[in-house]
Structures are given as structure tokens and as C-alpha cells.
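Below: the structure, in C-alpha cells.
Chain A is the first sequence line, chain B the second, and so forth, proteins listed ahead of strands; every chain is numbered from 1. Just so it is clear, the structure is predicted and the values come from calculations on it, not from any experiment.
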Amino acid sequence: NAGVTQTPKFQVLKTGQSMTLQCAQDMNHEYMSWYRQDPGMGLRLIHYSVGAGITDQGEVPNGYNVSRSTTEDFPLRLLSAAPSQTSVYFCASTREGSDNEQFFGPGTRLTVL
Amino acid sequence: SQQGEEDPQALSIQEGENATMNCSYKTSINNLQWYRQNSGRGLVHLILIRSNEREKHSGRLRVTLDTSKKSSSLLITASRAADTASYFCATSGGYQKVTFGTGTKLQVIP
């Protein structure tokens, strides 16, 4: 099993550009989440999904969209990138009934100029 | 806002010593988890303690939970250079309420 995979590993955008961060898991986990990690801030929840077709907002959802068309994939879209979105983004998955133990991907380091 | 706050923010010890880091949180929880993050990597789950448990062990890890004080501690015994990483507590009151603290950066000097 590959676990949770994320692409790309690194990305540089200009302000106003759009892009999609990809996340996939092969563990058949029901729950998936996106976090951003900034220095001194720990991880903050952006959006999450409890199953295909169901998404909800986390703590810092503004500027980001998500969709969950399949159990495996949970892409994060930045519609119009801003310098404040410079961060490291982590995708995580969780098996339902597992006390919320999260399995993390390796992260995407995004810089917005 | 962050639910958990770790203390200290940074810790430097010699190999073989014990490392203790603390986590305080604000609201009631179902469980508390500890994760490790090596530099440039994603977080890895270490151990989970439920709200009705007071202490839990896993190998060289010992976690305590005091729900009356809303605090937890992670003890790593006989530390090794490979334990150098950042450690985060995460509290869970339901799926949508998994929140992470700001982390403790541990350096173990060989």
C-alpha cells in the first residue's frame, strides 16, 4: 500500500494563479482532511470529508475549494492564489471508528509570489 | 484557534536522557493523540489515550492524561538521536474537531 500520496511536492505560483493539490489514499478510509502548517501555528484544518460526495469546512476554509467524487481522491483547489496561502499543505485520511487516528501524506510546499 | 499548546517549544537533551513534553488543551475531549514529524515529512501517529484513561505505554513512550487539569504529557525514555523531531498533541472531540497544538521541537544530541 502506498498510503496517502500528495502531488506535487513543491509548487511556486504567482498571485492570482489557480492550481489543484492532489491527494489520494489506497487504504479505503472514509474520512479525509486537508491541513496547512505554518511556522509556530501547528496544523490548521482547511476542509474535510466524511465520505464521497460529502465535504465540510474546517478552521481556515477561505480561498480553498474541495470535492470528493471518489473514496480515494480528495483534491484541494486554490482558485486565486494569494501570498497568505504560502504554506505546507498536508492531506490526511482516517478510518471510520478508529478514534480519529490520522495517516498523513508527505506534504506539498507551496510558495505564492 | 489552536486547541492544544505544547510546552516547551524547544528541548535539547543528550542521548540517553529522558525527554518530557507537555500539552494543555481547553475543551472536553474524547481522546488525545501524539504525533511525530521529522523535518520535511508528514506527521506520524505515535500513541492515543482516551479520556477515561490516565496513563498509557508504548515501547519507550509513556503518555499521561489529566482531564481535570486538561493536560497531557509525553515522556520518551532513553532518547536516541533518531528521536530528533517535532512532537504534536492533537485533541479529538469528534471527527471535525481534531485540532493540533503548535508542537515541541526536540533535539537529541549524540
Separation of B:Leu32 CG from A:Asn100 CG (nearest 0.5 Å): 12.0 Å
Under a 4.5 Å side-chain heavy-atom rule over Ile, Leu, Val, Met, Phe, Trp and Tyr, are B:Tyr25 and B:Ile49 clustered together? yes
Can you check whether B:Phe100's main-chain N or O pairs, donor with acceptor, with A:Tyr35's side chain at less than 3.5 Å? no
Answer yes if B:Phe88 and B:Leu48 sit in the same cluster of Ile, Leu, Val, Met, Phe, Trp and Tyr residues linked by side chain heavy atoms under 4.5 Å apart, and no otherwise. no
Any chance NZ of B:Lys56 has more than 12 other-residue heavy atoms, nucleotides or ligands included, within less than 6.0 Å? yes
Could you tell me the separation between the CD atom of A:Glu59 and the OG1 atom of B:Thr99, rounded to the nearest 0.5 Å? 8.0 Å
Could you tell me whether B:Arg80 atom CZ has more than 12 heavy atoms of other residues or ligands within 6.0 Å of it? no
Around atom CD of B:Gln9, are there more than 12 heavy atoms from other residues, nucleotides or ligands closer than 6.0 Å? no
Distance, nearest 0.5 Å, that separates CD of A:Glu101 from CG of B:Asn31: 10.0 Å
Test log, rule side chain to side chain contact (heavy atoms under 4.5 Å, CB included), inputs B:Leu43 and A:Leu43: CA-CA 10 Å; B:Leu43 280 71; A:Leu43 274 76; 3.9 Å; yes
Verify same cluster id: A:Leu21, A:Phe103 (apolar side-chain graph, 4.5 Å): no
About how many Å separate OG1 of B:Thr102 and CG of A:Asp38, when rounded to the nearest 0.5 Å? 12.5 Å
Evaluate the criterion side-chain hydrogen bond (donor to acceptor under 3.5 Å, both in side chains) for residue pair B:Gln37 and A:Gln37; output intermediate values, then yes/no. CA-CA 12 Å; B:Gln37 183 181 34; A:Gln37 184 177 33; 2.9 Å; yes
How long is the straight-line distance from CZ of A:Phe104 back to CZ of B:Arg41, given to the nearest 0.5 Å? 15.5 Å
